[in-house]
Amino acid sequence: FPVTIGVVADTPEKNVMTVGKILNDSVEAVPQICRQVFGYEFSLPLTAEVQAGHCKKGRFEKIDGALVEVCPLGMEELTFD
């Protein structure tokens, strides 16, 4: 089963694409880093999905057993080349 990692970054709008790319690349690099640093073949599939938008801070809902910050203003999925 694939694992989805959720990370929230509070950054100025001008830095959204840079921060999003760093987060996306970090998740994708986990198997390679595990191999290089620990000598361990990380075989669990990881996926990264980066979204940007304005969140209403402090409002959380429980979804599938996890607390998730609610972003009622909508999110836009970012893609990287």
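Just the heavy atoms: all of them, side chains too, but no hydrogens, waters or symmetry mates, feed the values below. Bear in mind that the values here come from a model prediction, so they are computed numbers and not experimental data.
Scanning all heavy atoms of the two residues, the minimum distance from Pro31 to Phe42 falls at CA-CB, 3.8 Å.
Rounding to the nearest 0.5 Å places CG of Asn24 at 10.0 Å from CE of Met17.
For the side chain to side chain contact (heavy atoms under 4.5 Å, CB included) with Lys21, the qualifying choice from Leu23, Val19, Asp25 is Asp25, the only one to do so.
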